[in-house]
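Heads up, the thing below is written out as structure tokens.
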Amino acid sequence: MTHQIVVCGAGIVGLSTALALARRGQRVAVLAPRASVPAAEADHYHPRVYAISPASQRFLAGLGVWDAMPAARLTPVQAMEIHGDADGEVNLNAWQAALPQLAWIVESGEIERVLIQAVRLFGIPWIEDRCAGYADGEIQTENGARIRAELFVGADGAASPLREAAGLKHEAVPYKDTGLVVHLDAERPHQGTAVQWFRDDGVLALLPLPDTSDGAQVSMVWSMREEAAARLLALLQDEQAAALEGLLAHAAEGRLGRLKVRSKLHGFPLTLERAQMVAPGIALAGDAAHRLHPLAGQGLNLGLGDVEALVEAVAGREPYRQAGDLRVLHRYQRARAEPVLAMRLATDGLHKLFAARATPLAWLRNAGMRWVEHAPMIKRHLIAGASKN
Ligand SMILES: Cc1cc2nc3c(=O)[nH]c(=O)nc-3n(C[C@H](O)[C@H](O)[C@H](O)COP(=O)(O)OP(=O)(O)OC[C@H]3O[C@@H](n4cnc5c(N)ncnc54)[C@H](O)[C@@H]3O)c2cc1C
């Protein structure tokens, strides 16, 4: 089978790449197991939620998928409250930068469902198989098919079978932290505020979600040392909920009143990863190309930035070049070098700053936060910078 472009992977990055390329007139197919996401039910929320930046929101709106999501499942973030591990605190408000909101909290399942529908509506061919090997410009699939294409896009996640089979360079450093995610009932309303605590034993974030029939709801993302997370994950459900609620009562400082577990607890090992993004006939995007600490909630936003740049390079190429021409792919690589490095340095730097137990650093990080809190110009700059990602 020969194609012009084949996207491996049907996560949010893979599906939006296929859709964006098709909308620019490229002949594209998806290679991935068929994904389906059942329709959302009242009071039930997908376990993974993302903070979607204004830039990602604009991109998804441009693809026509943003408006297809039920408005009642999208939560605008009006403010962010960031606490240090002493008296440091930074408050960012949308109105400080004259923005209607800082970000949106959206369930992974909602974005995936509308993307799957759009890919189907567009008639984009979907090869229901998996990439199992790669040699001489050809993918071998799990079912034994051989697929040739001018360009393969590896959007097949952090373990990227295509990246591994094609031998693209890749490095991964474990953080020895686990990202724990769960939805919670909150005693007090969140008022559209995302609250985050940078502690020397991890980073806790409570993200606003729509209210349920039980009242206010938030999504917890707690990056915790892996031993502490493993102890929690090993507990039986009732003991686990009681232990987590006990830890939250202390760590969340009563900010949203009593917090009660309302869904299953999931744990994700956290790593810092980067890969060679291109090779002749291959481009990586999303988690296949880079993975960050989730403390800034920017992994998917960075992946959607990859998609925009890749589509621009490929669809905007000279008519005499093939989609997988290395000169075309180098344009993509150059466009992404600075944003990917900047986000890597920012998230890894913040992680190191708060993981350090040395007293001068503990003083410095809290003093730094107090200083930012009283500098409106810097706050505006921080908000404007975050909205571009
Ligand atoms: C705890 C936590 C919280 C996070 N919070 C945020 C946040 O708030 N905001 C944000 O922007 N990011 C966040 N992230 C990051 C975000 O989850 C990822 O960056 C994003 O999901 C990556 O999407 P992707 O499409 O690249 O990969 P994936 O979602 O992993 O998709 C990979 C796809 O490839 C397919 N696949 C796998 N193997 C094969 C194969 N052999 N052949 C074909 N297909 C294959 C899979 O089926 C899947 O469909 C968070 C991450 C963690 C761990």
Side-chain angles (χ1 to χ4, degrees), residues 6-18 29-37 46-53 55-57 59-60 75 77 103-109 111-112 115-116 119 126-134 139-143 145 147 152-166 175 177-182 194 196 202-205 207 219-224 229 265-273 275 284-307 340 343 347 386 389:
V6 172
V7 177
C8 284
I12 296 172
V13 171
L15 292 171
S16 54
T17 306
V30 172
L31 167 67
R34 177 63 83 174
S36 77
V37 184
H46 195 273
R48 287 295 288 272
V49 303
Y50 298 122
I52 297 293
S53 68
S56 295
Q57 188 272 337
F59 172 63
L60 292 171
T75 313
V77 180
W104 295 87
I105 306 297
V106 189
E107 297 154 84
S108 183
I111 312 178
E112 283 166 40
L115 280 170
I116 292 169
V119 161
W126 191 313
I127 309 160
E128 285 183 55
D129 206 340
R130 285 175 173 276
C131 164
Y134 176 89
I139 276 186
Q140 292 92 50
T141 73
E142 225 169 58
N143 293 337
I147 301 174
F152 290 107
V153 179
D156 45 355
S160 182
L162 175 61
R163 180 190 68 214
E164 296 305 303
Y175 273 117
D177 281 353
T178 300
L180 292 179
V181 299
V182 74
Q196 203 172 22
V203 184
L204 167 65
L207 309 174
S219 177
M220 178 197 94
V221 184
W222 198 339
S223 315
M224 205 185 260
L265 181 70
H266 296 271
F268 300 89
L270 304 182
T271 47
L272 180 65
E273 301 186 34
L284 302 180
D287 275 19
H290 40 68
R291 201 158 181 254
L292 308 170
H293 196 287
L295 60 82
Q298 289 295 344
L300 178 64
N301 292 316
L302 206 57
L304 293 176
D306 293 348
V307 179
V340 172
M343 194 54 75
T347 52
N389 294 311

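For the single chain, residues carry numbers from 1 onward in sequence order. Keep in mind that what you see is a predicted model, and the values were worked out from it rather than measured. In each ligand, atom 1 is the first atom listed, and ligand 1 is the first ligand listed. Just so it is clear, the values below take in all heavy atoms, side chains as well, and ignore hydrogens, waters and symmetry mates.
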Review point. Do the side chain of Gln298 and the main chain of Ser53 share a donor and acceptor less than 3.5 angstrom apart?
Key: no
Check your understanding: With a 4.5 Å limit on heavy-atom distance, are the side chains of Val340 and Asp306 in contact?
Key -> yes
Check your understanding: Does any N/O atom on Gly297 come nearer than 3.5 Å to any N/O atom on ligand 1?
Key -> yes
Review point. Counting only N and O atoms by type, is there a donor-acceptor contact under 3.5 Å from the side chain of Arg163 to the main-chain atoms of Ala288?
Key: yes
Point to revise | atom 35 (C) of ligand 1: nearest protein contact (heavy atom, Å) | key: Gly9 CA, 3.8 Å
Review point. If we only count heavy atoms from C-beta on, is the Leu265 to Met220 side-chain gap below 4.5 Å?
Key: yes
Exercise for review: State the atoms of ligand 1, each with its element, that fall below the 4.0 Å cut-off from a heavy-atom position in Ala155.
Suggested key: 32 (C), 33 (C), 34 (O)
Exercise for review: Rounded to the nearest 0.5 Å, what's the gap from OH on Tyr134 to CG on Leu162? Could you check?
Suggested key: 7.5 Å
Check your understanding: Tell me: protein heavy atom nearest atom 11 (O) of ligand 1, and distance?
Key -> Leu300 N, 2.8 Å
Point to revise | Audit row: Ile52, Leu300, side-chain contact (heavy atoms from CB on, under 4.5 Å) steps and yes/no | key: CA-CA 8 Å; Ile52 297 293; Leu300 178 64; 3.9 Å; yes
Review point. Which of these, Asp156, Val13, Val106, Ile111, has its nearest heavy atom closest to atom 37 (C) of ligand 1?
Key: Asp156
**Study point:** Spacing of CD1 belonging to Ile111 relative to CG belonging to Leu15, to within rounding of 0.5 Å
**Key:** 11.0 Å
Exercise for review: Note the single closest protein heavy atom to atom 31 (O) of ligand 1, along with its residue, its atom name and the distance in Å.
Suggested key: Gly11 CA, 3.6 Å
Check your understanding: If hydrogens are left out, which of Phe268, Tyr50, Trp222 has an atom nearest to atom 16 (C) of ligand 1, that is, the closest non-hydrogen atom?
Key -> Tyr50
Practice item. Please confirm whether Pro161 comes within less than 3.5 Å of ligand 1 when only nitrogen or oxygen atoms on both sides are compared. Key: no
Review point. For ligand 1, which atoms sit closer than 4.0 Å to a heavy atom of Gly157?
Key: 27 (O), 30 (O), 32 (C)
Revision key, fill the gap. If we number the atoms of ligand 1 from 1 as shown, the ones under 4.0 Å from a heavy atom of Gly286 are 26 (O)
Check your understanding: Can you list the atoms of ligand 1 that are under 4.0 Å from a heavy atom of Gly299?
Key -> 10 (C), 11 (O), 12 (N), 15 (C), 19 (O)
Study note, to complete from the structure: Candidates Leu15, Val6, Leu180, Leu31; heavy atom nearest atom 43 (C) of ligand 1 found on Leu31
Review point. Are any of the side-chain heavy atoms of Val6 and Phe152 separated by less than 4.5 Å?
Key: yes
Point to revise | Side-chain donor or acceptor of Asp129 paired with backbone N/O of Ala145 under 3.5 Å | key: no
Check your understanding: Which ligand 1 atoms are under 4.0 Å away from a heavy-atom of Asn301?
Key -> 11 (O)
Point to revise | Best match, Asp287, Leu295, Val7, Thr271: closest heavy atom to atom 19 (O) of ligand 1 | key: Asp287
Exercise for review: Answer yes or no: does an N/O atom from Ala51 fall short of 3.5 Å to an N/O atom of ligand 1?
Suggested key: yes
Practice item. With Cys8 as reference, evaluate Leu284, Thr17, Ile139, Val30 under the side-chain contact (heavy atoms from CB on, under 4.5 Å) test and give the passing residue. Key: Ile139
Review point. Looking at atom 38 (N) of ligand 1, what's its closest protein heavy atom, distance included?
Key: Arg130 NH1, 3.6 Å
**Study point:** Cys131: numbered ligand 1 atoms lying under 4.0 Å from its heavy atoms
**Key:** 40 (C), 41 (N), 42 (N), 43 (C)
Check your understanding: Near Arg48, which atoms of ligand 1 are under 4.0 Å from a heavy atom of that residue?
Key -> 2 (C), 16 (C), 17 (O), 50 (C), 51 (C), 52 (C), 53 (C)
Check your understanding: Mind checking whether Gly303 has a heavy atom under 4.0 Å from ligand 1?
Key -> no
Check your understanding: Does atom 46 (C) of ligand 1 have a protein heavy-atom neighbour under 4.0 Å away?
Key -> no
**Study point:** Ile12 neighbourhood, listing ligand 1 atoms whose heavy-atom distance to it stays under 4.0 Å
**Key:** 25 (O)
Review point. Can you list the residues that meet the side chain to side chain contact (heavy atoms under 4.5 Å, CB included) rule with Val37, with sequence neighbours excluded?
Key: Glu112, Arg113, Ile116
**Study point:** For Asp287, side chain to side chain donor-acceptor pair (under 3.5 Å) partners two or more places apart
**Key:** none
Check your understanding: Do Ser223 and Asp177 have side-chain atoms, one donor and one acceptor, less than 3.5 Å apart?
Key -> no
Point to revise | Closest protein heavy atom (residue, atom, distance) for atom 3 (C) of ligand 1 | key: Pro294 CB, 3.7 Å
